[in-house]
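Working notes, beginning with the structure itself.
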Amino acid sequence: MKRIEFPNDFIWGVATSSYQIEGAWQEEGKGESIWDDVVHNTKIIKNRDTGDIACDHYHRYKEDVQIMKALGLKAYRFSVSWPRIFPSGKGKVNQKGVDFYDNLISELLENQIEPVITLYHWDLPLSLQKIGGWESRKVVDAFVDYANFMFNHYGDRVKKWITFNEPLVFTMWFYSLGLYDLKPDVRRGYLASICVNAAHAKAVEMYRKSKNSDGEIGITLNLSHVYPKTDSELDQEAVKYVDGVNNRWFIEPILKASYPEDILGIANKKFNLPEIPKEDLLLLNDNPIDFLGINNYSCTRVSAEKPDDLTSLRKLIKRERLEEREYSEMGWEVCPEGLFDLLIRIDKDYNHPIIYITENGMACKDEKIVDNVVQDEDRINYLKQYFEAAHRAINKNVRLKGYFIWSLMDNFEWIEGYSKRFGLIRVNYETQERIWKKSAQWYHDIITENGFEVNF
Ligand code: FCB
């Protein structure tokens, strides 16, 4: 047995997002988002579930903050629903929406929990999708106005900001899925990702100029360490390519103010992309982040199946299943060494940035309930191994400053609907009752002791 202990100022938190927990989809002046549209007007969500009610957090936030307090959390990462603040994406402000987040922030601060705001966790105002979504520079401008409003209104009390959650997912993956208008199109995904980076840089610039610029601002990327299936040269090539599209395409504009040459070359050949505007690169260069948020759940194992075929992006990124490994309910491999290798690599290749793990967690069956407590040992085992990997990275001087578990409570898991449970707290969707899981009690103890005993 050895005891591992985290630095004194390490931030233990949980993460959620607006669409996944709030519900109240058309209450008190909120405008429609693209997710309201997707759930009501397509058939792609499992069981045709919707986020109309979700965890009803909009009405129950006080109770939820009390749960956070009982957990002993130091910080809470949540996202703001842009169409709750600006129902049409820009222009007129919805005061009731503004009040909701003011109240939530007050409640958190009164309970000594630091609010960490993500400005954009996928719920774009529908009216902005109608004028071109993330491929449009008009939407970039609307985002910057929204961000500016947020910094000025909440920035005296909120000192940690995240511009975007997982651009890879809401650009490349959603476009290749055809989520927005049901026409899969990888080229448009690339174009959107370029606009999003410009929006990010402009928002950071805005933050530095705002009257409340004494906090920190960053972005959250979903990064996954890529391993080859075999040692063959082709598999190595596949690693370079998948790592390029999934990781470097997003890290390098942010941390190096450039796009990776190899991927740019492939994308240009295939899709004839317009030149990346010089002013975008200048803006990125002039507006560095204070921290990098990393969402990490698993690693990626690839083999060299058509390594140059970008249209089959999703087929290429094959998550190889290894017999001997454990997998979550999402089908994602439990791969703590992937987190360790990723952290070391980011630290080494990108000049030692400050990092927060802004999401990590496990979807489990959660079937066994004893004395009203969910017996989720598998989740505890997962987190233990990941915490240990994170701790090892800190010992190697990686500047990891905090860790946010996905998620506070079970919630609407996008196209999986309510079929996947990630919470430390179980939600009964019929009664909205919140029930503690064993992992929640365990996490409480970790936070209190700022460490734990490892027996592996
Ligand atoms: C991430 C998302 C988050 C949640 C987890 C499971 O990709 O950021 O909203 O759905 O996956």
Side-chain angles (χ1 to χ4, degrees), residues 13-23 33-35 38-39 44-46 49-51 54-55 57 76-82 116-124 162-177 179 189 193 196 200 218-225 246-247 250 292-300 314 317 319 327-335 338-339 342 356-366 376 378-379 382-383 386 403-427 439:
V14 294
T16 64
S17 90
S18 46
Y19 188 73
Q20 293 176 278
I21 66 165
E22 283 179 5
S33 82
I34 50 177
W35 276 89
V38 166
V39 299
I44 65 172
I45 313 288
K46 198 175 271 178
D49 285 341
T50 75
C55 307
H57 174 73
Y76 173 47
R77 172 182 177 235
F78 61 98
S79 78
V80 168
S81 159
W82 180 354
V116 178
I117 289 190
T118 308
L119 290 172
Y120 186 80
H121 199 127
W122 308 354
D123 41 358
L124 186 72
I162 293 166
T163 53
F164 288 100
N165 180 69
E166 302 189 350
L168 167 70
V169 175
F170 75 84
T171 62
M172 307 284 268
W173 288 1
F174 284 0
Y175 279 87
S176 65
L177 255 178
L179 193 69
S193 71
V196 166
H200 160 82
I219 188 169
T220 281
L221 305 178
N222 54 310
L223 304 176
S224 169
H225 202 74
N246 281 5
N247 297 326
F250 292 89
L292 176 68
I294 297 181
N295 291 355
N296 177 263
Y297 291 87
S298 185
C299 52
T300 307
R314 287 180 65 78
I317 306 167
R319 286 177 187 266
Y327 288 83
S328 76
E329 279 297 288
M330 296 294 278
W332 299 346
E333 182 184 329
V334 177
C335 185
L339 175 63
L342 176 74
Y356 293 98
I357 306 286
T358 40
E359 283 180 31
N360 167 256
M362 187 186 192
C364 301
K365 278 212 169 70
D366 289 352
D376 58 341
D378 34 5
R379 185 172 286 109
Y382 174 97
L383 291 172
Y386 272 80
Y403 207 117
F404 294 77
I405 294 182
W406 186 270
S407 182
L408 170 65
M409 55 191 159
D410 298 337
N411 56 48
F412 177 82
E413 180 45 39
W414 310 113
I415 51 182
E416 297 290 339
Y418 295 100
S419 68
K420 299 288 184 281
R421 292 181 179 270
F422 272 94
L424 295 172
I425 303 293
R426 181 183 177 88
V427 175
S439 59

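Counting starts at 1 for both ligands and their atoms, in listed order. Positions are given from 1, in the same order as the sequence printed here.
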*asked:* Distance alone, cut at 3.5 Å: any donor-acceptor contact between the side chains of Asp376 and Ser439?
replied: yes
*Please check if the distance between the ring centroids of Trp122 and Phe174 is under 6.0 Å.*
yes
*Is there a donor-acceptor pair closer than 3.5 Å between any side-chain N or O of Tyr120 and the backbone N or O of Thr163?*
no
*State whether the side chain of Ser298 and the backbone N or O of Glu333 hold a donor-acceptor pair below 3.5 Å, judged by distance alone.*
yes
*Take Leu168 and Asn246, measure what side-chain contact (heavy atoms from CB on, under 4.5 Å) needs, and give me the verdict at the end.*
CA-CA 7 Å; Leu168 167 70; Asn246 281 5; 4.0 Å; yes
_At less than 4.0 angstrom from any atom of ligand 1, which residues have a non-hydrogen atom? List them by chain and residue number._
Gln20, His121, Trp122, Asn165, Glu166, Asn295, Tyr297, Glu359, Trp406, Glu413, Trp414, Phe422
*Scan side-chain atoms only and decide if Ser18 and Asp123 contain a donor-acceptor pair under the 3.5 Å cut-off.*
yes
